[in-house]
Amino acid sequence: MRALHTADWHLGQRFISGHERTDEHRYFLEWLVEVVREQRVEVLVVAGDIFDTGSPSNQALELYYSFLLNMRGTACRDIVVVGGNHDSPATLNAPARLLRHLRVHVVGCVPECFDDQVLVLDDAAGKPGLVVCAVPFLRDRDVRLSVPGESAEEREARIKQGIADHYARVADVERVWQLKDLGLPVLATGHLYAAGAAPSDSERTIHVGNLGQVTADHFPTIFDYVALGHLHRPQRVGGREHIRYSGSPIPLSFSEVDHPKEILLLDFAEGKLATLEALPVPGTRRLARFHGALDEVIASLVAYDNTGFLLPAWVDVEVRSELTQLEVAEQLLKTIEQLDRHHIEVLARRHFRLVTLRALGDEADTEPLTPSLDDFTEREVFERRLEDEPEASRSELLGAFDELLEWMREDRA
């Protein structure tokens with residue numbers, strides 16, 4: 001059996017100032033269909049965050065359903081889609097019964113019947129060839145019960161144990177170990193934050209400030225491969241080759257400018273993972289960061305070469321200068337107006353003014369002024385506020401704040 005692992009598409013994402021990512025996603029999905037066709041992929045696994053919000057736009061829905069339709073023209077027999085923390089279970093599950101007739105298996109949240117997370121997929125001969133434990137993003141209600149007055153450490157331990165118990169329970173489903181004994185490989189999915197993994201700026205904090213970070217040892221040994229989503233940088237977990245994040249197919253924030261983008265091609269033979277190959281995703285738009293002195297930033301903007309990319313580059317600019325904000329803005333805007341918008345577009349501009357601080361008897365030091373509140377996330381603002389609190393209570397307060405943020409996001413979704 002040949003499978004393909006991808007995740008974190010975030011269809012419908014709006015970038016800075018509402019810029020659409022539709023063209024980038026369309027190019028990726030068209031390329032993905034061609035890869036599935038050329039590589040004779042039999043099973044496609046999408047490990048969560050298909051959409052960027054719980055209420056995806058019509059354009060995002062059109063991309064998703066057009067992709068599923070186009071996949072009918074390939075050799076891929078089954079598509080497995082699990083929900084992520086950005087996805088609305090109701091949105092994903094609404095057409096699940098219809099899609100099942102097209103052999104698209106959707107698990108938007110933990111189903112009422114626990115065993116429905118276990119899928120047995122046939123090979124080309126029509127015989128069972130692969131077992132998929134389709135575990136979606138596990139919400140708090142799936143892994144623990146609220147305990148009033150519990151400490152941050154107790155909360156973390158309960159979440160971690162709840163996630164581990166869920167995977168142990170899936171692995172213990174009778175069909176799973178029976179088919180494993182008969183020589184079938186077992187693939188599991190997950191949408192979570194694994195301990196030791198490297199995040200970027202664009203992943204939402206999940207499970208109370210990323211508490212409950214599971215380790216590679218929390219996944220049962222019966223799993224021949226674990227297809228993970230949530231983190232946008234492709235990486236192994238705990239150094240294990242068979243426990244992987246595929247990463248997102250396009251950069252979703254400026255913090256990902258240097259991240260490689262890939263999908264993972266898996267070959268199973270003789271009841272286990274035989275080979276794994278990372279296939280690089282061709283980029284259609286480059287995200288770039290130009291930070292430094294005003295003359296350095298202007299020189300970088302003017303000299304930028306967008307050769308090899310179909311879409312104009314999006315650039316984040318940060319200037320550190322002794323000039324006033326007005327003086328910097330005038331020079332930057334003059335340069336930006338001369339740029340070819342089909343080649344490069346500046347989406348974000350920040351200015352940190354350098355000022356000379358003089359203390360009696362001291363030499364002058366040059367330090368940047370405090371940046372604007374808009375330069376910080378809600379969590380970063382709260383972390384600064386916690387600097388005034390006793391250190392012993394900061395962890396628990398931050399955990400409570402993260403939980404409130406997540407509840408608000410789920411409520412809005």
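Hydrogens, waters and symmetry mates play no part in the numbers below; they use all other heavy atoms, side chains included.
Classification of Arg240 and Asp217 as a salt-bridged pair holds, one side-chain N sitting under 4.0 Å from a carboxylate O. With respect to Asp316 and Arg350, a salt bridge is recorded, a charged nitrogen being found less than 4.0 Å from a carboxylate O. Taking 4.0 Å as the cut-off between side-chain N and carboxylate O, Glu389 and Arg394 do not count as a salt-bridged pair. Salt-bridge annotation for Arg384 and Glu380: absent, with no side-chain N of the basic residue lying under 4.0 Å from a carboxylate O of the acidic one. Using a cut-off of 4.0 Å between Lys/Arg side-chain N and Asp/Glu carboxylate O, Asp23 and Arg26 are scored as salt-bridged. One finds no salt bridge joining Glu296 and Arg320 here, because no Lys/Arg side-chain nitrogen approaches an Asp/Glu carboxylate oxygen to under 4.0 Å.
Checked by atom type and distance alone, the side chain of Ser246 pairs as donor or acceptor with a backbone atom of Ala7 at under 3.5 Å. Put simply, the side chain of Lys180 gets close to the backbone of Gly271: a donor and an acceptor are under 3.5 Å apart. Asp52 contributes no side-chain N or O that, together with a main-chain N or O of Leu11, makes up a donor-acceptor pair within less than 3.5 Å. Using a distance-only test at 3.5 Å, with no hydrogens or angles considered, a donor-acceptor pair links the side chain of Arg72 to the main chain of Leu102. At least one donor-acceptor pair under 3.5 Å links the side chain of Glu42 to the backbone N or O of Arg2.
Under the 30°/60° scheme for interplanar angles, the aromatic rings of His230 and His191 are found to stand perpendicular.
When side chains are defined from C-beta on, Gln39 counts as touching Leu265, because their heavy atoms get closer than 4.5 Å. No side-chain heavy atom of Asp123 sits under 4.5 Å from any side-chain heavy atom of Leu130. Between His166 and Val110 there is a side-chain heavy-atom pair separated by less than 4.5 Å. For the pair Pro185 and Met1, the minimum side-chain heavy-atom distance is 4.5 Å or more. A 4.5 Å side-chain heavy-atom check between Trp9 and Ile250 finds every atom pair outside the cut-off. At a threshold of 4.5 Å between non-hydrogen side-chain atoms, the residues His10 and Arg21 do not count as touching. Between Pro128 and Leu121, the closest side-chain pair of non-hydrogen atoms is not below 4.5 Å. Between Glu24 and Leu311, some side-chain heavy-atom pair lies under the 4.5 Å cut-off.
Atom CG in Leu138 sits 11.0 Å away from atom CG in Asn85 (nearest 0.5 Å). Between the OG1 atom in Thr335 and the CG atom in Leu339 there is a gap of 7.0 Å [rounded to 0.5 Å].
A side chain to side chain contact (heavy atoms under 4.5 Å, CB included) with Leu92 holds for exactly one of Val106, Val107, Leu99; it is Val106. Only one option out of Val46, Ile79, Leu44, Asp78 pairs with Val104 in a side chain to side chain contact (heavy atoms under 4.5 Å, CB included); it is Ile79.
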Exercise. Going through the distances and angles, do Leu294 and Val328 end up as a side-chain contact (heavy atoms from CB on, under 4.5 Å)?
Worked result: CA-CA 7 Å; Leu294 180 60; Val328 169; 4.2 Å; yes

For this session: Quick one: do Arg385 and Val381 satisfy side-chain contact (heavy atoms from CB on, under 4.5 Å)? Show the steps, please.
Result: CA-CA 6 Å; Arg385 169 62 181 82; Val381 172; 5.8 Å; no

For this session: Go through the steps for Val33 and Met71 under the test side-chain contact (heavy atoms from CB on, under 4.5 Å), then give the verdict.
Result: CA-CA 6 Å; Val33 170; Met71 285 288 288; 4.2 Å; yes

Exercise. After noting the C-alpha distance and the side-chain angles of Tyr64 and His25, does the key distance pass the ring-ring contact (aromatic ring centres under 6.0 Å, His included) rule?
Worked result: CA-CA 10 Å; Tyr64 175 58; His25 280 125; over 10 Å; no

Problem set entry | From CA spacing to verdict: side chain to side chain donor-acceptor pair (under 3.5 Å), His86, Gln13 | CA-CA 11 Å; His86 281 250; Gln13 190 210 31; over 6 Å; no

Exercise. What do the steps show when you test Phe28 against Val281 for side-chain contact (heavy atoms from CB on, under 4.5 Å), and what is the final call?
Worked result: CA-CA 8 Å; Phe28 163 68; Val281 178; 3.8 Å; yes

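For Phe254 and Phe15, the distance between ring centers is under 6.0 angstrom. Centroid-to-centroid, the aromatic rings of Tyr304 and His343 come within less than 6.0 Å.
By the 6.0 Å contact criterion, CG on Asp258 is open, its count of non-hydrogen atoms from other residues, nucleotides or ligands being 12 or less. Surrounding CD of Glu34 are more than 12 heavy atoms belonging to other residues, nucleotides or ligands, all under 6.0 Å away. No more than 12 heavy atoms of other residues, nucleotides or ligands lie within 6.0 Å of CG in Asn58, so this atom counts as exposed by the packing criterion. In the displayed structure, Arg14 atom CZ is contacted under 6.0 Å by at most 12 heavy atoms of other residues, nucleotides or ligands. Annotation for Tyr27: atom OH does not count as buried by contact number, only 12 or fewer foreign heavy atoms lying within 6.0 Å.
For the residue pair His218 and Thr215, a side-chain donor N or O sits within less than 3.5 Å of a side-chain acceptor on the partner.
Tyr225 does not carry Arg244 over the face of its six-membered ring by the limits of under 6.0 Å from the centre and within 45° of the normal.
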